[in-house]
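Have a look at the structure below, then the notes.
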Protein chains: 2
Amino acid sequence: MYDIENSIGFLISKVYQRGFGIFKDELERYDLTPQQFGLLAFLWIEDGLSQTVLSQKTQIDRTTIGGLIDRLEKLGLVGRLPHPEDRRAYRICLTDRGTDLEKELCAIAAGVTQKFLAPITPEEQTVLRTILKKLRTSQEGTP
Amino acid sequence: MYDIENSIGFLISKVYQRGFGIFKDELERYDLTPQQFGLLAFLWIEDGLSQTVLSQKTQIDRTTIGGLIDRLEKLGLVGRLPHPEDRRAYRICLTDRGTDLEKELCAIAAGVTQKFLAPITPEEQTVLRTILKKLRTSQEGTP
DNA sequence: TTCAAATTGACAGCATGCTGACTATTTGTA
DNA sequence: TACAAATAGTCAGCATGCTGTCAATTTGAA
């Protein structure tokens with residue numbers, strides 16, 4: 001009998017679901033999803049990158065990121081500018097509105113994080129972060 | 001600036017993605033997804049329940065579980081039997097084939113778990129499980 | 001230089017997860 | 001009993017995430 005209730009994979013999926021749900025509710029009035037926020041967070045660090053580079057940095061599938069950008073574009077938060085060195089590619093850039101939202105959205109994210117992590121102590125948060133970073137290992141071998 | 005690379009929410013989503021991907025690859029030859037395995041794992045504990053009860057036990061949305069059962073039904077692993085006390089409901093039951101797959105699929109799940117958790121020690125696994133259980137808290141208040 | 005191979009982004013197709021609306025049925029109350 | 005409210009399951013619609021395929025373009029090697 002598989003003890004699914006105590007399996008780490010199952011628990012991660014449910015914890016992920018809970019966090020996602022909390023975040024989703026808070027972002028509702030911006031018409032944004034947690035994934036869209038995630039992409040914006042990378043763009044606030046550096047924009048003007050191509051979709052492929054963004055896909056690698058964010059570890060979001062390159063076909064998925066196309067749709068994400070479509071929707072952020074519709075919301076007027078990012079734009080696709082022509083790439084000066086490659087006519088196949090775009091430079092994905094924040095609009096003024098996309099840039100301006102940083103402070104407001106980050107405050108919301110901080111609130112969500114607090115609510116989400118309320119059940120555990122700050123020490124446990126540190127331990128969890130450390131363990132998760134180890135588990136994130138993606139491309140090992142298979143070149 | 002939001003340090004998304006070190007935020008627990010982002011890390012959980014990527015760790016979840018990695019685990020899901022490993023599991024998905026291993027289940028490919030059965031035409032099953034990790035979610036379908038998860039539902040089967042609950043059915044191996046107890047079947048004959050209604051979709052709503054299953055939805056509550058598994059914390060899978062009731063509309064999502066309908067589709068999951070559709071596909072498991074097509075694969076011949078579960079069946080929808082009439083509910084003796086409620087003509088609106090079904091009893092979701094494993095077929096012989098669904099029952100027989102338990103051992104084989106659980107062995108695969110064990111292998112996936114091992115591969116997935118390889119980057120951390122058994123002690124860390126215990127700590128992680130404990131923390132995740134605390135973070136799973138779902139319905140607190142709002143009755 | 002030329003042309004095959006690789007790359008960029010788009011699209012179709014499928015599964016999951018959620019919302020909201022709908023039908024059929026059951027429950028609980030006046 | 002009669003009828004409103006609640007419940008079981010379905011469906012449409014949307015976002016994410018992935019696979020596979022395709023056209024346009026760039027790259028690299030003969």
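Residue numbers begin at 1 in each chain, while the letters A, B, ... track the order of the sequences. Scope of the values below: all heavy atoms of this structure, side chains included, with no hydrogens, waters or symmetry mates.
The stretch residues 25-40 of chain A does not touch DNA chain C, since none of its heavy atoms comes less than 4.0 Å from the strand. Sorted by residue number, the members of residues 67-95 of chain A with any non-hydrogen atom under 4.0 Å from DNA chain D read Leu68(A), Arg71(A), Asp86(A), Arg87(A), Arg88(A). Taking every heavy atom of residues 44-57 of chain A and every atom of DNA chain C, pairs under 4.0 Å involve Ser50(A), Gln51(A), Thr52(A), by number.
Scored by the side chain to side chain donor-acceptor pair (under 3.5 Å) test, Lys24(A) finds no partners at all (sequence neighbours excluded). The side chain to side chain contact (heavy atoms under 4.5 Å, CB included) search around Glu46(B) returns Leu49(B), Lys57(B), not counting sequence neighbours. For Asp3(A), the side chain to side chain contact (heavy atoms under 4.5 Å, CB included) partners are Glu5(A), Asn6(A), not counting sequence neighbours. Shown here are the side chain to side chain contact (heavy atoms under 4.5 Å, CB included) partners of Arg91(A), two or more places apart in sequence or in another chain: Leu81(A), His83(A), Pro84(A), Cys93(A). Partners of Arg97(A) by side chain to side chain donor-acceptor pair (under 3.5 Å), not counting sequence neighbours: none found.
Note that CZ of Arg29(B) is 5.0 Å distant from CD1 of Ile108(B), once rounded to the nearest 0.5 Å. With rounding to the nearest 0.5 angstrom, the CG atom of Leu128(B) is 6.5 Å from the CG atom of Leu135(A).
Nearest approach of Arg80(B) to Gly66(B), heavy atoms of both residues: NH2-O, 3.4 Å.
At its two ends the helix from dT1(C)-dA30(D) to dA30(C)-dT1(D) runs along axes set 10° apart, each axis drawn from five pairs and the angle rounded to 10°.
For residues 31-51 of chain B, the ring-ring contact (aromatic ring centres under 6.0 Å, His included) pairs, not counting sequence neighbours, are Tyr2(A)-Phe37(B), Phe10(A)-Phe42(B), Phe23(B)-Phe37(B), Phe37(B)-Trp44(B). Pairs of residues two or more places apart, or lying in two chains, never qualify as ring-ring contact (aromatic ring centres under 6.0 Å, His included) while including a residue from residues 85-116 of chain A.
Nearest-nucleotide positions on DNA chain C place Gly66(A) closer to the 5' end than the other of Lys24(A) and Gly66(A). Comparing Phe20(A) and Thr63(A) by the nucleotide of DNA chain C that holds the closest heavy atom to each, the one mapping nearer the 5' end is Thr63(A).
Annotation for Asp96(B): atom CG does not count as buried by contact number, only 12 or fewer foreign heavy atoms lying within 6.0 Å.
Contact footprint of chain A on DNA chain D: nucleotides with an atom under 4.0 Å from a non-hydrogen protein atom, first to last in 5' to 3' order, dA15(D) to dT26(D).
Here the side chains of Leu43(A) and Leu54(A) are in contact, with some heavy-atom distance below 4.5 Å. Side-chain contact between Leu105(B) and Leu32(B) is present, with heavy atoms from C-beta onward closer than 4.5 Å.
For the pair Lys14(B) (side chain) and Thr58(A) (backbone), a donor-acceptor distance under 3.5 Å is present.
No side-chain N or O of Gln36(A) forms a donor-acceptor pair with one of Tyr30(A) less than 3.5 Å apart.
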